[in-house]
Amino acid sequence: MTFRMDVTAAFLLSVATLFAAASPAIAETIEVQMLNYDRDDPSRVMVFKPEIVRAQPGDTIRWVSVDQFHNTASIAQMLPEGAAPWNSTMSEDFEYTVTQEGTYGYLCTPHSAMGMAGLILVGDHTVNLDAAKAVEHQGLMKDKFDTLFAEIE
């Protein structure tokens, strides 16, 4: 009887181990706040917080409309191949599930001239990093992306 229980327990442990190893990683939801100013540093205005998100394929990015009159919109030339573009409704929370590894650049449409932008780095974000860096921006958007790219190097 003891032998039979030991064999059964060993079998069940083996099956559980196989299922655990075969199951995919649990996807996360990562929150980004859309803000008129950073509550931790009020000198930082019109910001996404955090401005740089690290994620894995299958994770969901959730932009929260903490302050009104913001949205999130992808920058087409700053998306990895095969990633769907997005453009959220103003003043509403929005979710986007990242599917492709790479660097995703995005902005707030009404506040892009003020440099309100961010990056999502998914898995091996270097897949399209050079192409994303090569996109030309003007004014404060150029400064913002220069700063963000310097932070990830």
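All values derive from a computational prediction rather than experimental measurement. Just the heavy atoms: all of them, side chains too, but no hydrogens, waters or symmetry mates, feed the values below. Along the sequence shown, residues carry numbers from 1.
- Side-chain atoms of Trp63 and Ser88 include no donor-acceptor pair closer than 3.5 Å.
- Follow the hydrophobic side-chain contacts under 4.5 Å out from Met141 and you never reach Leu35; the two are in separate clusters.
- The shortest distance between side-chain heavy atoms of His137 and Ile75 falls below 4.5 Å.
- Put simply, CD on Gln100 and CG on Asp124 are 12.5 Å apart, with the number rounded to the nearest 0.5 Å.
- For the pair Asn128 and Glu101, the minimum side-chain heavy-atom distance is 4.5 Å or more.
- Atom-to-atom distance recorded for Ile61:CD1 and Trp86:CH2 is 8.0 Å, nearest 0.5 angstrom.
- The shortest non-hydrogen separation linking Val47 to Glu51 is CG1-OE2, 4.1 Å.
- Of the inter-residue distances, the one linking Ile52 atom CD1 with Leu121 atom CG reads 6.5 Å to the nearest 0.5 angstrom.
- Heavy-atom minimum distance, Met90 versus Phe69: SD-C, 3.4 Å.
- Residues Val135 and Ile152 share a single hydrophobic cluster, defined by chaining ILVMFWY side chains whose heavy atoms lie under 4.5 Å apart.
- The CG atom of Leu140 lies 10.0 Å from the OG1 atom of Thr147; values are rounded to the nearest 0.5 Å.
- In this structure, the separation between CE on Met34 and CD on Glu92 is 9.0 Å, given to the nearest 0.5 Å.
- At least one donor-acceptor pair under 3.5 Å links the side chain of Asp59 to the backbone N or O of Gln56.
- Enclosure of atom CD in Gln138 is not indicated, since only 12 or fewer non-hydrogen atoms of other residues, nucleotides or ligands lie within 6.0 angstrom.
- Residues Met46 and Phe94 share a single hydrophobic cluster, defined by chaining ILVMFWY side chains whose heavy atoms lie under 4.5 Å apart.
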For this session: Apply the test side chain to side chain contact (heavy atoms under 4.5 Å, CB included) to residues Tyr96 and Thr72: give CA-CA distance (whole Å), side-chain angles for both, the deciding distance (0.1 Å), then the verdict.
Result: CA-CA 10 Å; Tyr96 178 84; Thr72 174; over 6 Å; no
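- Once rounded to the nearest 0.5 Å, the distance linking NE2 of His70 with OG of Ser91 reads 8.0 Å.
- When every heavy atom of Pro110 is checked against every heavy atom of Asn71, the shortest pair comes out as CD-OD1, 3.5 Å.
- Between the side chains of Ser65 and Asp93, not a single donor N or O lies within less than 3.5 Å of an accepting N or O.
- Salt-bridge annotation for Glu136 and Lys142: absent, with no side-chain N of the basic residue lying under 4.0 Å from a carboxylate O of the acidic one.
- Considering every non-hydrogen atom in both Ala55 and Val98, the closest pair reads CB-CG2, 4.3 Å.
- Taking 4.5 Å as the limit, every side-chain heavy atom of Ile30 sits out of range of all side-chain heavy atoms of Thr60.
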For this session: Using the side chain to side chain contact (heavy atoms under 4.5 Å, CB included) rule, take Val32 and Val53 through it: C-alpha gap first, then chi angles, then the decisive distance, then the call.
Result: CA-CA 8 Å; Val32 176; Val53 169; 3.6 Å; yes
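- Among all heavy-atom pairs drawn from Thr99 and Pro57, the shortest one is O-CB, 3.8 Å.
- With ring centers used as reference points, Phe48 lies under 6.0 Å from Tyr106.
- Side-chain N or O atoms of Asp67 include one that pairs as donor or acceptor with a backbone N or O of Asn36 at under 3.5 Å.
- Counting heavy atoms from C-beta outward, Pro85 and Leu79 have side chains that approach closer than 4.5 Å.
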For this session: Show your working on side chain to side chain contact (heavy atoms under 4.5 Å, CB included) between Lys49 and Asp40 and close with a plain yes or no.
Result: CA-CA 10 Å; Lys49 187 173 181 180; Asp40 297 322; 2.3 Å; yes
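- Taking a cutoff of 4.0 Å between a charged side-chain nitrogen and a carboxylate oxygen, Glu28 and Arg62 do not qualify as a salt bridge.
- Counting all heavy atoms, side chain and backbone alike, Gly58 lies closest to Ala27 at O-CB, 3.2 Å.
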Problem set entry | Leu119 vs Met78, side chain to side chain contact (heavy atoms under 4.5 Å, CB included): CA-CA, chis, key distance, verdict | CA-CA 9 Å; Leu119 291 175; Met78 294 181 75; 4.0 Å; yes
